[in-house]
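We name chains A, B, ... by the order of the sequence lines, and we start the count at 1 in each one.
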Amino acid sequence: MRNSDHDSRAYDSAMKRIKHFRERELTRRQVLKASAATALGATLAAQFVPSEVHADVGGTIVHFASSGKRLANSLRAVKPLFDKVFPNVELEVVSKPMSEALTQINTYMRSKSDAFDVITQDHAQFAALDAMGALTDLGPYLEPFPDWLADYEQDVPEAYRHMWNLPKGPAPPGYIAALAPDGNAMMTFYRKDVFESAGIPVPETWDDVIDACKEIHDPANERYAYCAAMARNFWAGYQYYGSLRSMGGDVFVDEVAEDWTVAINTEEGYQALKVLVDLQKYAHPVSANAGEDEVNLVFAQGTALYSPLTWGTAVLNDPTYTDLHEHWHMDLSPRGTGEKGGHRALTGGFGQFMPTWGGNRETAFAWIKFLNSGDNEDLGGSSLIADAIVGAGGQLSRRSTLSRWSDRKPFFVGLMKAYPVCVVNAPVIPEAYAIMGAMGEEVADAVNEEQSIEDALAAMEKRTQRIMEDSGYV
Amino acid sequence: MTALTVEARPSRAAGPPRQGRPGAVARQQRRTAYLLLAPCVIVLLALAIFPLIFSGTLSFKVDPLYNPDVARFVGWRNYNDLFEDRRFWNSIELTVIWAVVVVSIQMVLGFFLAVLLDRKMQGAGLLRTLIIIPVFISPIAMGLTWRFIFEPVSGLANWILNTGFGLEKWTWLSHKDTALMTLMLVDCWQWTPFIALILLAGMQSISPEITEAARLDRVRGVTFYTRIVIPLIRPVIMVVILIRLVDSIRIFDLNFIMTKGGPGSSTLMASVYDYTIFEQGHLGLMAAYGFLILILINIVVLAFLNTLYRTEKAARAADQP
């Protein structure tokens with residue numbers, strides 16, 4: 001905790017600066033010009049004294065990331081710091097809403113686009129990117145920095161770190177395809193004040209979840225117990241997969257042993273979907289068609305009180321986002337009570353990779369390395385990098401920086417609890433996203449009473465089977 | 001320049017006919033015509049024909065976006081898969097219902113609006129300008145704004161219903177039974193003024209002599225519109241219906257921004273479903289669906305053009321003594 005006070009001061013000073021901007025009542029145009037992330041980055045950069053400056057390196061790096069506080073804004077906040085180390089490198093952050101960005105990145109990569117030098121992409125897409133030949137092995141780039149890599153490896157949890165090692169399967173991890181300063185896991189989000197006043201603990205099992213929802217559900221006063229991202233396609237797919245893993249089920253009989261027999265239509269599969277259908281009784285109306293942005297919004301407004309499975313992001317602990325930032329706490333997602341049940345948190349993460357067809361490789365790598373640096377100044381790091389990421393609304397994968405911030409971000413406490421029980425958020429095969437999408441369509445139809453649980457399970461199994469046949473697995 | 005042309009023509013006409021000359025001229029003219037057409041044809045080939053052939057070929061392949069190594073031809077399988085998919089039929093049914101309902105409502109409301117705007121009144125010009133505003137709003141911005149308005153718990157629409165009129169809050173976009181209707185409401189809000197303005201232009205092109213003659217014959221009220229106005233602006237009505245029908249069948253932006261086809265599959269119309277198939281990486285299936293939408297639109301267009309042609313022909317025959 002050596003840096004705790006220093007970091008607190010840096011963060012508070014940055015926040016004050018933003019507040020100061022607001023109090024001076026800048027015009028809308030001025031506010032737009034100086035976005036909060038950039039202002040925060042500039043404030044932190046003023047305190048940043050780089051150990052070395054590479055004025056001899058030039059060029060432009062174009063970095064594509066999903067828009068919003070967590071990803072694109074974090075990059076924008078770190079940029080002013082990076083500018084001090086590489087004053088002659090021009091860094092451009094290009095962003096699109098997450099719901100479009102994930103598919104767009106795959107489309108760009110399928111067409112071998114050279115438009116971007118660095119891309120931030122969802123973990124579940126990496127096997128597909130590998131199949132497209134879009135990923136660069138970062139090993140040779142990391143080789144000159146063994147101490148830096150050792151520091152990174154001891155700080156980022158193994159389950160999380162290995163998400164970026166491809167290809168997976170029974171063979172040892174192949175190559176390092178990405179690094180990720182950003183960490184996430186599917187967790188329980190709950191209003192601590194509401195649970196405390198109702199005298200109920202954080203639900204441990206799915207039965208407890210239903211009981212808790214019965215207790216706190218109060219639609220007459222516009223306080224709905226439950227909310228989750230149940231929009232058709234991927235969102236609902238991930239809800240189901242999180243529930244399925246907690247029950248002890250999975251998409252295939254044994255992915256590690258490469259037994260690709262589809263195993264969705266099982267007792268675990270049934271229980272996983274049934275609990276999601278049962279929870280609809282207590283659901284906030286937006287839940288039926290919500291992505292995580294909509295869920296966060298009703299959490300922030302205070303009309304929804306609890307979600308057993310959500311990625312949520314650190315935004316709910318952000319005082320600039322919600323007045324309830326102190327009341328939102330995070331914990332382990334529920335466990336299934338069956339024989340195979342357990343707490344299993346789906347990882348949720350975005351890795352930064354260098355596309356095969358991008359340019360400025362050395363400089364692009366330097367930017368990725370800079371973003372992923374820890375606090376150790378001897379290794380080119382700085383605590384201000386993590387401060388910029390957290391201040392802009394991002395979240396971290398390094399345990400050291402997580403714990404440094406945990407007193408002010410309950411989300412980080414939840415993350416640290418979740419990391420040891422993390423499981424990868426989708427099968428690590430190129431077909432993962434197609435399978436999640438297919439499952440999500442069937443789940444959304446089931447929770448919206450357009451088909452029975454049995455029909456949904458049968459359809460999921462049939463569609464997954466077809467996808468696997470098409471790719472030659474079975 | 002003019003002088004030269006004038007001189008050249010009589011001399012050519014006056015001279016003795018030379019064998020082969022007309023053929024050479026025709027060839028020359030054809031060559032010029034081809035040359036002039038070439039840029040257009042090249043652009044058309046590049047932007048329309050090539051993608052059409054490409055996606056036609058794609059529709060007979062399994063070609064996952066996520067795994068190009070396994071791409072291969074599978075014959076008619078993608079089409080078979082679609083015909084066996086309950087969501088496909090559901091999306092076609094929803095699209096047809098959508099197109100018929102929204103275009104009907106918009107035509108009726110648009111006609112009444114046009115009748116109102118056609119009257120001589122103060123501020124009519126300003127009213128016309130204000131009324132057209134929804135047409136110019138970006139569908140994305142509009143969809144997002146309406147989504148906030150229809151937020152089921154704290155949205156403006158429910159606040160007005162509840163606080164203003166003491167009514168129960170409505171589910172709007174968040175329930176499968178009301179989501180499609182809510183989308184229709186927004187679409188009508190946006191496109192009714194467009195129809196009204198086109199119909200108004202049609203009404204204002206009617207000759208004042210005809211209007212005056214109708215007035216002298218004491219043809220007024222509903223009869224004036226059913227017997228005089230509608231028959232005279234029938235071609236305009238047909239064209240505007242055609243434009244809106246094709247647009248409605250292709251509906252994507254509003255549907256995607258406001259519901260993405262949900263809740264469940266309750267607003268899953270053709271283009272959004274096709275995009276979902278693309279998102280899941282099934283490029284062959286996506287292309288097959290795209291072709292089926294193209295066929296559907298062509299059927300509608302052909303049926304309408306045929307009707308329009310027959311109506312015009314009948315009208316011309318009736319005009320002849």
Side-chain angles (χ1 to χ4, degrees), chain A residues 99-100 102-103 106-107 109-110 125 127-129 131-133 219 222 224 230-236 283-291 294 297-298 301-304 429-438 440-441 443-451 459 463 466-467 469-472, chain B residues 61-72 74 77-78 81 84-87 90 140 144 147-148 150-155 158 162 169-179 256-268 272-273 275-285:
Chain A
S99 55
E100 293 157 43
L102 305 191
T103 308
N106 283 0
T107 315
M109 292 302 101
R110 173 71 189 261
Q125 307 286 348
L129 293 169
M132 292 178 208
E222 293 182 346
Y224 296 85
M230 273 299 170
R232 65 191 308 282
N233 219 357
F234 309 107
W235 288 117
H284 189 286
V286 302
S287 192
N289 203 25
E294 287 83 19
L297 199 64
V298 294
Q301 288 168 351
T303 54
I429 50 175
E431 294 71 18
Y433 216 43
I435 292 169
M436 285 296 145
E441 284 191 307
V443 170
D445 278 4
V447 297
N448 284 288
E449 297 171 336
E450 289 184 25
Q451 67 177 342
R463 292 177 68 177
R466 170 54 78 86
I467 291 168
E469 279 169 11
D470 280 349
S471 291
Chain B
K61 287 168 86 175
V62 158
D63 189 356
L65 176 68
Y66 45 79
N67 198 351
D69 291 345
V70 300
R72 65 186 182 280
V74 289
R77 203 196 78 180
N78 287 326
D81 282 1
E84 285 172 12
D85 177 8
R86 108 186 132 76
R87 264 184 214 92
N90 185 43
I140 307 295
L144 287 171
R147 228 172 66 183
F148 280 112
F150 288 131
E151 204 276 339
V153 176
S154 47
N158 270 344
N162 195 239
K169 288 186 174 181
W170 225 45
T171 48
W172 302 112
L173 296 166
S174 56
H175 194 277
K176 66 185 169 79
D177 295 338
T178 55
F256 185 73
I257 291 298
M258 291 186 72
T259 63
K260 287 198 169 70
S265 302
S266 61
T267 60
L268 188 63
V272 169
Y273 189 32
Y275 183 73
T276 307
I277 295 170
F278 163 69
E279 272 192 312
Q280 292 175 13
H282 308 299
L283 299 185
L285 204 59

Say whether, by atom type as modelled, one donor and one acceptor occur between the side chain of [X] and the main chain of [Y] under 3.5 angstrom.
X: N448(A); Y: H175(B); value: no
X: R110(A); Y: P64(B); value: yes
X: R72(B); Y: D470(A); value: yes
X: K169(B); Y: P152(B); value: no

Less than 4.5 Å to any heavy atom of chain B: does that hold for the side chain of [X], its backbone, both, or neither?
X: I467(A); value: side chain
X: T303(A); value: side chain
X: L297(A); value: side chain
X: V298(A); value: side chain
X: A288(A); value: both
X: E431(A); value: both
X: Q451(A); value: side chain

*Under a 4.5 Å heavy-atom cut-off, does chain A meet the side chain of H282(B), its backbone, both or neither?*
side chain
_Heavy-atom cut-off 4.5 Å, strictly under: side chain, backbone, both or neither for T171(B) against chain A?_
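Neither part, no heavy atoms under 4.5 Å.
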Among [options], residue most engaged with chain B (heavy-atom pairs, under 4.5 Å):
options: A128(A), A231(A), P430(A), A446(A); value: P430(A)
options: P219(A), A434(A), A131(A); value: A434(A)
options: T103(A), V447(A), D445(A); value: D445(A)
options: M109(A), M436(A), R463(A); value: R463(A)
options: E100(A), M230(A), H284(A); value: H284(A)
options: I435(A), T107(A), L102(A); value: T107(A)

*Start with the C-alpha gap between N233(A) and Q280(B), add the side-chain angles, then the distance that decides, and say whether side-chain hydrogen bond (donor to acceptor under 3.5 Å, both in side chains) holds.*
CA-CA 9 Å; N233(A) 219 357; Q280(B) 292 175 13; 2.8 Å; yes
*Determine whether more than 12 heavy atoms belonging to other residues, nucleotides or ligands lie under 6.0 Å from atom CD of E469(A).*
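It does: E469(A) CD has more than 12 such atoms within range.
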Interface residue of largest heavy-atom contact number with chain A, from [options], under 4.5 Å:
options: V74(B), L173(B), V153(B); answer: V153(B)
options: S265(B), G262(B), S174(B), G281(B); answer: S265(B)
options: R147(B), R87(B), E151(B), K176(B); answer: R87(B)
options: K260(B), R86(B), E279(B); answer: E279(B)

Looking only at heavy atoms, which two atoms of [X] and [Y] are closest? And how far apart?
X: S471(A); Y: Y66(B); value: OG-CE1, 4.4 Å
X: T259(B); Y: N289(A); value: O-ND2, 2.9 Å
X: D63(B); Y: P68(B); value: OD1-CA, 4.4 Å

_Pairwise distance CG(L65(B)) to CG(N106(A)) - rounded to 0.5 angstrom_ =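 If I round to the nearest 0.5 Å, the distance is 5.5 Å.
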_ring-ring contact (aromatic ring centres under 6.0 Å, His included) partners of F150(B), counting only residues at least two apart_ =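 W146(B), W172(B).
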*Mind checking ring-ring contact (aromatic ring centres under 6.0 Å, His included) for F278(B) and listing every partner two or more places apart, or none if nothing turns up?*
Y275(B)
